[in-house]
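Here the structure is laid out as structure tokens; the discussion comes afterwards.
All heavy atoms count here, side chains included; hydrogens, waters and symmetry mates do not. Computed from a predicted model, the values in this text were never measured in an experiment.
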Amino acid sequence: MKRLSQNRNIGIMAHVDAGKTTVTERMLYYTGLTHRMGSVDDGNTVMDSDPQEEKRGITISSAAITTYWNNQQINIIDTPGHVDFTAEVERSLRILDGGVVVFCAKSGVQPQSETVWRQADKYGVPRIVLINKMDRQGADFMRVLKEIRDVLHTNAVAVQLPIGVEDNFKGVIDLVKMQALVWHSDDGKQFDVVEIPTELLPDALQARQHLLEELSLLDETILEKYTVDPQQITTDDLYRAIRKATLSRALTPVLAAAAYRNKGVQPLLDAVVAYLPAPEDIGVVHVMEPEQELAVSTESPLTALAFKIMADEFSGKLTLVRVYTGVLRTGDTVWNSRTGRKMRISRLLRIMSDKFEPIESIEAGDIGAVVGMKDVRTGDTLSEGAAPLLLERISFPEPMIGYAIEPKLTKDTNKLGEVLARLLDEDPTLQVSVDEASGQTILKGMGELHLEVVLEKMATHYQLEVNKGKPQIAYKELFTNTVTHKEVYKKQNGGSGNFAVIEFELGPRTDGLPGLEFVNDISGGAIPKEFIPAVQKGFDAAMQTGILAGYPMQSMRVRLFDGSIHDKDSHALDFEHVAQIGFRHVAQQAKPKLLEPIMDVEVTLPEEYTGTITGDLNRRRGVIRHIEMKGNTQVIKAEVPLAELFGYITTLRTLSSGRAAASITFSGYQIAPARVM
């Protein structure tokens with residue numbers, strides 16, 4: 001178990017332009033893994049190695065790398081900040097133990113920050129916060145700290161204070177050890193540990209007092225010493241109490257840095273080791289099927305989760321896995337939970353961003369890559385033993401928009417199918433379908449940028465040029481009225497026939513949840529219980545192509561309360577058919593409405609452009625929810641239909657002479673006005 005206590009699996013998360021890739025690059029430099037500091041602006045970072053990432057200056061795909069600090073192994077995953085790539089954050093958080101959430105000291109909490117925070121809450125991931133870019137003009141540590149508390153509803157407590165701000169940012173005050181760390185050297189490797197400057201001592205004492213008060217509410221040892229004599233509280237007491245509170249998510253430690261100026265990163269590495277969980281802190285892993293709990297140990301049976309599929313130019317298809325229990329070794333034969341088949345592990349690799357090192361095994365609590373596994377998808381569980389084990393799968397949001405695509409050259413028709421199959425393997429948020437009316441291939445993704453990146457990858461990586469049609473929105477349909485109906489399905493072919501009768505109530509769900517709510521109210525055996533699942537399956541299939549315009553139903557409630565069978569002519573398939581036929585016959589009476597996706601839009605802009613920008617949002621059927629000043633800039637929050645937002649970023653730049661920026665995140669579905677049909 002010693003190794004389990006010396007591992008940290010962490011993600012670096014943030015909104016776009018908070019500096020998370022720069023933070024990661026500095027962490028690699030100060031741990032000695034790299035010997036030069038990469039720059040996002042220069043396109044030479046270790047973590048953003050994809051040509052498109054270098055070209056666009058953003059992280060598109062989550063990248064993993066392993067480094068070491070104070071005899072601790074740290075597996076770092078640098079995740080994207082753009083909303084179109086939140087699925088990368090989703091699958092990373094599913095397999096991580098802890099996270100570092102980076103905020104810009106000027107822009108503070110952004111909509112994508114909230115999305116990332118909610119994702120981390122969903123998986124119960126303990127976090128520490130880094131308020132980065134303290135050297136930026138308009139940086140305000142205390143304002144951002146308050147925003148984090150108020151907007152994200154977390155007990156964020158400073159364990160550091162900045163020394164200076166903007167061009168005068170020199171270092172940080174450590175509130176645990178009550179000392180100052182001041183950087184002088186250009187590369188940031190050397191810093192001085194000195195006494196806290198006299199003019200900052202009152203603020204430091206007040207912040208430490210607040211830290212002690214918060215910890216005394218969460219830790220008995222701190223409370224006992226705090227009430228008798230706070231001087232008795234040792235540094236070790238504080239480290240232990242902060243770690244305990246962080247792991248339980250009762251407290252979120254907050255640090256300060258200016259990573260681009262090489263200040264404040266070493267204390268962040270110390271905090272990762274001191275406060276974030278090791279795999280052994282998880283204790284047990286919950287197996288869904290067969291339901292059981294396994295101790296996080298190398299002695300337990302193997303369970304590992306495939307969390308990402310990627311193609312490497314030299315190694316071929318790679319499956320990135322997190323091993324939760326047991327040991328995965330080269331030469332092992334393992335179950336795939338989804339297929340129920342066994343596979344042999346031929347080669348294992350240690351992930352070093354875009355480079356890989358051969359290894360013989362991956363132990364519990366570690367992350368690695370398996371070479372050449374066939375028929376493995378994101379979310380599959382690998383296990384050993386007499387039967388496959390199933391861990392909780394990874395859930396992804398539905399794609400929002402799609403393009404009709406076709407190869408530019410007729411000879412590439414078959415190649416298009418092969419390339420799309422590979423892309424779907426790598427990216428679970430892509431969907432491909434064929435429009436029955438037109439025969440066109442529809443490629444759906446999370447947003448315009450997501451699809452642009454995919455199409456560019458098809459052209460550059462697979463040498464496949466495609467034509468794209470007009471964007472298609474992922475509309476849905478919803479019933480607004482409840483109706484009852486009796487459907488009879490009867491067919492005679494001379495021999496054995498088909499017969500099924502059902503009586504059902506069809507309408508909207510009352511709980512607001514998506515999907516089918518199926519209520520079986522059959523009594524007296526009017527329909528044998530073995531036929532009931534077929535009825536549910538029929539309604540489920542009918543939902544996939546609604547009644548208004550062929551869009552899927554968002555949700556639906558069906559109550560099956562009567563029916564009849566024929567002793568010889570009734571089959572399960574007949575009841576599946578009668579459900580689908582009954583749905584089509586009665587759906588219009590349930591008064592279906594079209595739903596359209598609505599996006600939360602947050603625009604940051606100079607005050608003089610407020611009228612122009614709000615006018616443009618109103619023309620796009622936007623509803624302005626809030627306008628406020630944040631620092632010296634104006635922030636407009638609005639809800640706008642996705643259909644009205646194509647090309648919005650380009651228009652926004654034109655209207656504001658390039659001085660405004662926008663963040664767009666999915667909000668939910670709303671009933672669309674009649675003119676949208």
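- Between the side chain of S383 and the backbone N or O of L389, at least one donor-acceptor pair lies under 3.5 Å.
- Under 4.0 Å is where a charged nitrogen must lie from a carboxylate oxygen, and between D17 and K133 at least one such pair does.
- Residue pairs meeting the salt bridge (charged side-chain N to carboxylate O under 4.0 Å, His left out) criterion with at least one member in residues 248-259, sequence neighbours excluded, are D121-R249.
- Using a 4.0 Å cut-off between a side-chain N of Lys or Arg and a carboxylate O of Asp or Glu, R243 and D281 qualify as a salt bridge.
- Because its NZ or CZ atom is not both nearer than 6.0 Å to the ring centre of F141 and within 45° of the ring axis, R143 does not count as a cation-pi partner of that residue.
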Go through the steps for D600 and R625 under the test salt bridge (charged side-chain N to carboxylate O under 4.0 Å, His left out), then give the verdict. CA-CA 10 Å; D600 283 327; R625 295 296 185 195; over 6 Å; no

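- For the residue pair T154 and T252, a side-chain donor N or O sits within less than 3.5 Å of a side-chain acceptor on the partner.
- T66 and Q73 get closest at one heavy-atom pair: CG2-CG, 3.6 Å.
- Taken to the nearest 0.5 Å, the CG atom of L348 stands 4.5 Å off from the CD1 atom of I362.
- Residues passing the side-chain contact (heavy atoms from CB on, under 4.5 Å) test with T31, sequence neighbours excluded: L33, T67, W69, L269.
- Contact check on R240 versus D236 returns no salt bridge, with no Lys/Arg side-chain nitrogen under 4.0 Å from an Asp/Glu carboxylate oxygen.
- Distance alone, capped at 3.5 Å, is enough to place a donor-acceptor pair between the R322 side chain and the I95 backbone.
- Using a 4.0 Å cut-off between a side-chain N of Lys or Arg and a carboxylate O of Asp or Glu, D219 and K244 qualify as a salt bridge.
- Identified under the salt bridge (charged side-chain N to carboxylate O under 4.0 Å, His left out) test for residues 285-296, with sequence neighbours left out: none.
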Between T325 and T303, does the side chain to side chain donor-acceptor pair (under 3.5 Å) criterion hold? Intermediate values first, please. CA-CA 5 Å; T325 61; T303 58; 2.6 Å; yes

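- For CG of D511, the number of neighbouring non-hydrogen atoms (other residues, nucleotides, ligands) closer than 6.0 Å is greater than 12.
- Side-chain contact of N7 with Q72: a donor-acceptor pair under 3.5 Å is absent, judged by distance alone.
- At a threshold of 4.0 Å, the pair R377-E426 does not count as salt-bridged, since none of the basic side-chain nitrogens sits closer than that to a carboxylate oxygen.
- Side-chain N or O atoms of R127 include none that pairs as donor or acceptor with a backbone N or O of V100 at under 3.5 Å.
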